[in-house]
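Before any comments, here is the structure.
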2 protein chains.
Amino acid sequence: MANDTRTRMIEATALLLRQRGYHGTSLNDILSASGAPRGSLYFHFPGGKDQLVIEVTRDSVDKVSRWLGEELAAEKDPAVAVHHIYQSVARMLEDNQFTLGCPIAPLVLDSPADVPELAELCRSAFEQWIGLLQAAFVRAGVPERRARALALLVESSLEGLMVIARASRDRAPVLAVADEVAALIESALPAKEVAAVQ
Amino acid sequence: MANDTRTRMIEATALLLRQRGYHGTSLNDILSASGAPRGSLYFHFPGGKDQLVIEVTRDSVDKVSRWLGEELAAEKDPAVAVHHIYQSVARMLEDNQFTLGCPIAPLVLDSPADVPELAELCRSAFEQWIGLLQAAFVRAGVPERRARALALLVESSLEGLMVIARASRDRAPVLAVADEVAALIESALPAKEVAAVQ
DNA sequence: TATAGTATATAGATCAGTCTATATATTCCG
DNA sequence: CGGAATATATAGACTGATCTATATACTATA
């Protein structure tokens, strides 16, 4: 198949970046993980490592954004949806034995400063995800400003939890925060009209 | 002075690690930043890069733990103390133009898996910081279990915010979450005894 | 036989780490 | 005090491995 090798390289790179970051992932790692020879990499990605990383990250961000949007749309109550999101993250961490985390955080912390396109990609990734969360809270009746603070709290705690859980190889922190945050969001929603009003 | 070079190497390494992580920081970077020759590094740190990174990280963790303990002890109301901590983090990020973050997170995300001592150091760092926060909440009357969830929320959101703020080069997210979290902690404290009881 | 894609050899820089040589304190002993 | 012996530290060349990247050869298939 035409772009089969290309696809394998992208998938292998995505995993390695989440595992070890930019500098921790060498082209040799990528080549041996994808089983492709050196020449193919520069055929499919003439821009070398940076182009590959940028394309991979763009893909990863899109995937997460799509998933996040679906999760938030699937539940009417955003507190329930957010709780479910934390649980999914906990499951993801456990499934890969705490070797994988967010695709963006490692790049923010270790990617070279001379690739502005990558920096912009990281910035816009967080903006997108926070925007999706905020929009869900607004739809449920939370005022704009409060919704943004809650979205930031959710996104930041998830990012931090992926680091903490990886360090401690334990998903419990994720679940504990999930309950706390879900309750907070619930309390920020306008009171449900129970039975009879007045 | 005897260990002046050694100190300069430790300080340079501490900054570089926070900036670019383990693989992003080369010995050449460390040597040129500290102005020391190659031989001195292996004289002071016979164990090479790993030993240096471990010593630096141990130092960094101690510094943060001491600072965190002082911040929490200085205020009777832990909600006020926590709010102040977020503000300090925001100031730190701004002071270094969003080039520095937590000393641990980059190591968790990119340090080699074959240095168990470093992994253990990262694990215990988070444990310490979360423990300090939890203890402060318990002292203020919050039940053990709830105190732990709140401590995890604070620590994880701070970790995440340092990443998000660095990516967006903006301290506003930190301040927004600060208000939200401080209010949550305040609401978790036992009601203050106002004027007359009974 | 063109072209797209695969495969490999290798260039040149940089990596962590080792080596010997030298400089500068400190200690020992008269 | 004072010179030899020793410990401490600096200095930088050098090694082999690994890094990204390029150059060139090969193999399908149209």
Side-chain angles (χ1 to χ4, degrees), chain A residues 1-17 19-57 106-107 109-119, chain B residues 1-57 106-107 109-119 121:
Chain A
M1 190 57 62
N3 48 4
D4 184 49
T5 302
R6 189 187 152 93
T7 303
R8 280 207 321 277
M9 286 194 293
I10 287 194
E11 283 167 359
T13 306
L15 284 179
L16 288 166
L17 284 179
Q19 230 165 18
R20 323 184 203 159
Y22 181 96
H23 289 101
T25 301
S26 76
L27 293 191
N28 284 334
D29 294 337
I30 294 170
L31 293 176
S32 71
S34 62
R38 209 159 197 75
S40 299
L41 195 151
Y42 285 92
F43 173 78
H44 292 292
F45 305 94
K49 188 179 186 181
D50 286 350
Q51 183 192 343
L52 175 56
V53 170
I54 288 170
E55 285 199 33
V56 163
T57 304
L107 296 182
L109 300 189
D110 100 320
S111 77
D114 63 348
V115 189
E117 200 173 344
L118 198 50
Chain B
M1 190 54 62
N3 47 4
D4 184 49
T5 301
R6 190 186 150 93
T7 304
R8 280 207 321 278
M9 285 194 295
I10 287 194
E11 285 168 357
T13 306
L15 284 179
L16 287 166
L17 283 179
R18 287 172 66 195
Q19 232 166 18
R20 322 183 205 161
Y22 181 96
H23 288 101
T25 301
S26 76
L27 293 192
N28 286 335
D29 293 338
I30 294 169
L31 294 175
S32 71
S34 62
R38 211 165 188 73
S40 299
L41 195 151
Y42 284 91
F43 173 77
H44 292 291
F45 304 93
K49 188 181 186 181
D50 287 350
Q51 184 191 342
L52 175 55
V53 169
I54 287 170
E55 285 199 32
V56 163
T57 304
L107 296 182
L109 299 190
D110 99 321
S111 76
D114 62 348
V115 190
E117 200 173 343
L118 198 50
L121 206 50

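Keep in mind that what you see is a predicted model, and the values were worked out from it rather than measured.
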Rounded to whole angstroms, how far apart are [atom1] on [X] and [atom2] on [N]?
| X | N | atom1 | atom2 | result |
| --- | --- | --- | --- | --- |
| Gln51(B) | dG17(C) | CD | P | 11 Å |
| Ile30(A) | dC19(D) | CD1 | C1' | 12 Å |
| Leu41(A) | dA23(D) | CG | P | 16 Å |
| Phe43(A) | dT27(D) | CZ | P | 18 Å |
| Tyr22(A) | dT20(D) | OH | P | 8 Å |
| Phe45(B) | dA16(C) | CZ | P | 15 Å |
| Leu27(A) | dT20(D) | CG | P | 4 Å |
| Leu31(B) | dG17(C) | CG | C1' | 11 Å |

Rounded at 0.5 Å granularity, tell me how far [atom1] in [X] sits from [atom2] in [Y].
| X | Y | atom1 | atom2 | result |
| --- | --- | --- | --- | --- |
| Gln51(B) | His44(B) | CD | NE2 | 11.5 Å |
| Asp110(A) | Arg20(A) | CG | CZ | 12.5 Å |
| Asp50(B) | Phe45(B) | CG | CZ | 12.5 Å |
| Leu16(B) | Ile30(B) | CG | CD1 | 6.5 Å |

Q. If you take all heavy atoms of Tyr42(B) and Leu27(B), which pair is closest and at what distance?
A. OH-CD1, 3.2 Å

Does [N] have its OP1 or OP2 closer than 4.0 Å to a side-chain nitrogen or oxygen of [X]?
| X | N | answer |
| --- | --- | --- |
| His44(B) | dT10(D) | yes |
| His23(A) | dC19(D) | no |
| Tyr42(B) | dT18(C) | no |

Q.
Judged by each residue's nearest nucleotide on DNA chain D, which is more toward the 5′ side, Asp29(A) or Met9(B)?
A.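 It is Met9(B) whose nearest nucleotide is closer to the 5' end.
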
Q: Classify the side-chain pair Thr7(A)/Asp4(A) by whether it contains a donor and acceptor separated by less than 3.5 Å.
A: no

Q) Would you find a donor on one side and an acceptor on the other, under 3.5 Å apart, between the side chain of Lys49(A) and the backbone of Ser26(A)? A) no

Q. Of the nucleotides dT6(C), dA16(C), dA21(D), which has the atom closest to the Thr5(A) side chain?
A.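 Looking only at heavy atoms from C-beta outward on Thr5(A), the closest nucleotide is dT6(C).
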
Is there any protein nitrogen or oxygen under 3.5 Å from a nitrogen or oxygen in nucleotides 11-18 of chain D, and what are the pairs?
{"from": "dG12(D)", "atom 1": "O6", "to": "Gly39(B)", "atom 2": "N", "distance (Å)": "3.2"}

